[in-house]
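To find a chain, count down the sequence lines: A is the first, B the second, and so on, and within it residues start at 1.
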Amino acid sequence: QWNQQGHDEL
Amino acid sequence: MNVFRLTGDLSHLVAIILLLLKIWKTRSCAGISGKSQVMFALVFTTRYLDLFTNFISPYNSVMKVIYLGCSYATVYMIYMKFKASYDGNHDTFRAEFLIIPVGGLAFLVNHEFTPLEILWTFSIYLESVAILPQLFMITKTGEAETITTHYLFALGLYRALYLINWIWRYYFEGFFDLIAIVAGCVQTILYCDFFYLYITKVLHGKKLSLPA
């Protein structure tokens, strides 16, 4: 699921 | 980072640079939808608000700055520098019919009801439909310059590669982001008929022209 520390993809 | 995401990002970068060069070299933005480019600038602006607060890697930050810079430079060239060549009569897709529903959906369906996350979700939904004015314009003019078709191919390919990246990340990292995946599928599907025309016509040396 979505990672808590923000989005790592562009 | 995996090879599909990297090639996806590079394909995206190639598309953005291709468009910038096309307008700059030919000093004309004929056949280019300014509305789509404004929406892409909006996509990057709302998605990269965490540029200074959430450092991921030098690569990530550099690419965000390049995307933002190039998208604003493109909008500037279309609406100011080479405004005389902007074909407003054929760029008539009602962008508000995209932005308003996408804005509403971002409020309803998101991972977390916080400003930054809602704006990120808005950018994901908007990006999936931002190319519609451009595709619509091509149907209205009935043709597209070859350089413009290469731009569209690279742009469509980038999100298709991201779909493979998400399969890879689910399989190897157990990571998946349903919002990005669903929007990415919609985005890629919108390119399908263009991909067909590109592969059957442009790659055979023909000009891309639609039965007007």
Side-chain angles (χ1 to χ4, degrees), chain A, chain B residues 1-2 4-6 8-13 16 43-44 46-57 59-68 71 110-112 114 116-117 119-121 123-124 127 158-159 161-163 165-166 168-170 173-181 183-184:
Chain A
Q1 181 55 2
W2 161 67
N3 43 5
Q4 194 61 35
Q5 94 276 354
H7 302 283
D8 65 345
E9 292 181 341
L10 286 172
Chain B
M1 175 60 80
N2 60 68
F4 300 106
R5 188 164 135 209
L6 186 59
D9 288 340
L10 295 181
S11 179
H12 195 187
L13 184 64
I16 291 174
V43 163
F44 294 134
T46 52
R47 188 176 302 179
Y48 300 154
L49 291 171
D50 64 349
L51 177 61
F52 301 108
T53 56
N54 182 20
F55 179 77
I56 303 281
S57 71
Y59 167 81
N60 186 273
S61 300
V62 165
M63 289 294 271
K64 285 176 177 177
V65 169
I66 294 174
Y67 286 176
L68 279 165
S71 65
N110 52 59
H111 288 309
E112 189 189 21
T114 59
L116 218 54
E117 192 55 31
L119 285 170
W120 177 85
T121 310
S123 87
I124 291 288
E127 187 189 6
Y158 127 74
R159 213 60 176 172
L161 287 166
Y162 255 71
L163 293 178
N165 151 63
W166 287 320
W168 175 287
R169 292 193 73 182
Y170 179 67
E173 301 170 28
F175 165 90
F176 72 98
D177 181 341
L178 214 50
I179 285 179
I181 292 170

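- Between the CG atom in A:Leu10 and the CZ atom in B:Arg47 there is a gap of 8.5 Å [rounded to 0.5 Å].
- Between atom CD of residue A:Glu9 and atom CH2 of residue B:Trp166 there is a gap of 6.0 Å, rounded to the nearest 0.5 Å.
- For B:Asn60, the side chain to side chain donor-acceptor pair (under 3.5 Å) partners are B:Lys64, not counting sequence neighbours.
- Of the two parts of B:Phe44, neither the backbone nor the side chain holds a non-hydrogen atom closer than 4.5 Å to a non-hydrogen atom of chain A.
- The line from NE2 of A:His7 to CG of B:Asp177 is 6.5 Å long, rounded to the nearest 0.5 Å.
- With a 4.5 angstrom heavy-atom cutoff, B:Tyr162 touches chain A only via side-chain atoms.
- Counting heavy-atom neighbours within 6.0 Å of B:Tyr170 OH, excluding the residue itself, gives a total of 12 or less.
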